[in-house]
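Heads up: the structure comes next, in structure tokens.
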Amino acid sequence: LGDVLRTTALLPGLKKKYPESSITWLTRLRSAPLFNNNDFINELLTVENDAIPRLNAEKFDIVINTDADKTSAALASMAKASKKFGMLLDPEGYVKPADKNAEEWLEMTAFDQNKTKNKKTYQQIIYEICGLKFSGEKPILKLSDQETLWAEDFLKRHSLDGKNRVIGLNLGGGDRWKHKRWSEERIAEFSGLISSESSDRLILIGGRNESDLMKRLQSKLKHPFVSSGTDLTLRHLAGLISVCDVLITGDSLAMHMATALDVPSIVLFGPTSSSEIELYGTGEKIITPAECRVCYLPDCDKTPNCMELIKAETVFSALKKITAKNCF
């Protein structure tokens with residue numbers, strides 16, 4: 001979901017180069033809500049519904065696929081177009097670059113050591129793949145008036161009245177890498193620092209995968225906190241992030257939402273690359289001191305692991321820095 005959202009940063013650049021274009025976006029059904037109110041998109045297709053027959057029948061001028069996943073590459077190969085950018089699927093079943101502009105990114109997705117060496121952001125890379133110049137274009141996520149009102153009502157219902165800063169702490173990190181999440185023990189330590197040294201209010205943000213963690217934290221945290229609940233829709237998650245003064249998070253969908261919504265963020269990095277992430281000058285990056293960082297391993301048996309090595313004091317110092325910078 002985070003990769004889907006961050007790729008929408010392409011849309012302003014495409015419209016700038018092709019102002020009269022009609023843009024069709026193809027995604028999975030679970031990602032579709034991310035495109036509500038997106039004025040750059042003329043039509044949204046989903047893999048589960050009508051994508052396959054439509055691709056077999058229609059013709060496009062340009063097809064773009066920045067994902068090295070075989071399914072995405074196959075769909076891009078299936079689509080009829082005179083020009084294609086990014087990744088395609090060879091008839092023999094391997095992913096290949098459409099042209100030289102995509103070679104670097106394909107190699108990065110195949111070899112972790114290339115990602116470790118990379119210093120370009122993902123947005124810069126996908127702009128280069130499409131032959132465009134990246135000029136700081138952000139992902140597109142637009143809330144409706146109703147969603148904004150829901151978020152404001154959430155604050156009122158939990159007595160978050162604007163007198164104190166609201167700090168969102170995202171517990172989730174997706175399913176692919178277990179250690180993109182900050183550890184339970186460090187979260188508890190951080191809440192103690194909040195309690196003793198500031199008057200900030202803390203919202204713990206999580207989904208169904210974090211329901212057990214949320215229950216455990218209720219007895220561990222020294223600082224009173226508000227729970228987001230674990231049944232937020234994608235749109236409600238975005239709304240809740242929008243009313244936070246600062247979001248603390250790992251490399252996750254919530255981080256990309258904060259970026260799109262101009263919410264200052266403190267992002268914690270362990271197994272994934274910090275260089276690839278574009279925060280547009282509104283965030284602070286905290287990188288684990290672990291020597292094995294940017295490993296891209298789905299799991300790890302090291303104790304302490306890379307995210308456990310990020311200290312609560314380090315995150316609290318970053319919070320003080322970012323709140324001073326933004327004049328809260």
Flag, side chain of [X] to backbone of [Y], donor-acceptor distance under 3.5 Å:
X    : Y    : value
K180 : D251 : yes
R293 : A290 : yes
K138 : D262 : no
W182 : I310 : yes
S82  : D61  : yes
S198 : I194 : yes
K285 : I277 : yes
E308 : N305 : yes
D245 : V166 : yes
S195 : G192 : no

Crowding at [atom1], [X] (>12 non-hydrogen neighbours, <6.0 Å):
X    : atom1 : answer
K321 : NZ    : no
E43  : CD    : yes
R208 : CZ    : no
K59  : NZ    : yes
K220 : NZ    : yes

Answer whether the closest heavy-atom distance between the side chains of [X] and [Y] falls below 4.5 Å.
X    : Y    : result
F316 : E313 : no
T282 : T259 : no
S228 : L171 : no
I125 : M108 : yes
T71  : L89  : no
R6   : Q123 : yes
L237 : L253 : yes
D67  : T7   : no

Check: [X]/[Y] side-chain N/O donor and acceptor closer than 3.5 Å:
X    : Y    : answer
Y127 : S135 : no
N38  : T8   : no
S144 : N37  : no

I'd like to know if K16 and E137 make a salt bridge, using a cut-off of under 4.0 Å between side-chain N and carboxylate O.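 Result for this pair is no, no salt bridge flagged.
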Between D99 and K83, does at least one N-O distance fall below 4.0 Å, as a salt bridge requires?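 Between K83 and D99 there is a salt bridge, with a charged N closer than 4.0 Å to a carboxylate O.
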Name the residue from E276, E128, E278 that meets the side chain to side chain donor-acceptor pair (under 3.5 Å) definition with K120.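 Only one option passes, and that is E128.
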Are L88 and L106 grouped together when hydrophobic residues (ILVMFWY) are joined by side-chain heavy atoms under 4.5 angstrom apart?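 In one cluster: no.
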Separation between [atom1] of [X] and [atom2] of [Y], rounded to the nearest 0.5 Å:
X    : Y    : atom1 : atom2 : answer
R28  : S72  : CZ    : OG    : 7.0 Å
S77  : L75  : OG    : CG    : 9.0 Å
L261 : H256 : CG    : NE2   : 13.0 Å

Describe, in one word, how the ring planes of W25 and F35 are oriented to each other, choosing from parallel (under 30°), tilted (30 to 60°) and perpendicular (over 60°).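 If you compare the ring of W25 with that of F35, the planes turn out tilted.
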Please name the residue in the list L143, D145, L149 that meets the side-chain contact (heavy atoms from CB on, under 4.5 Å) test with E147.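 So, applying the side-chain contact (heavy atoms from CB on, under 4.5 Å) to E147 and each of L143, D145, L149, only L143 qualifies.
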Shortest non-hydrogen contact from A312 toward E189: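 Result for this residue pair: CB-CB, 3.7 Å.
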Which residues satisfy the side chain to side chain donor-acceptor pair (under 3.5 Å) test with N56, sequence neighbours excluded?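 Side chain to side chain donor-acceptor pair (under 3.5 Å) check on N56 returns nothing, list empty.
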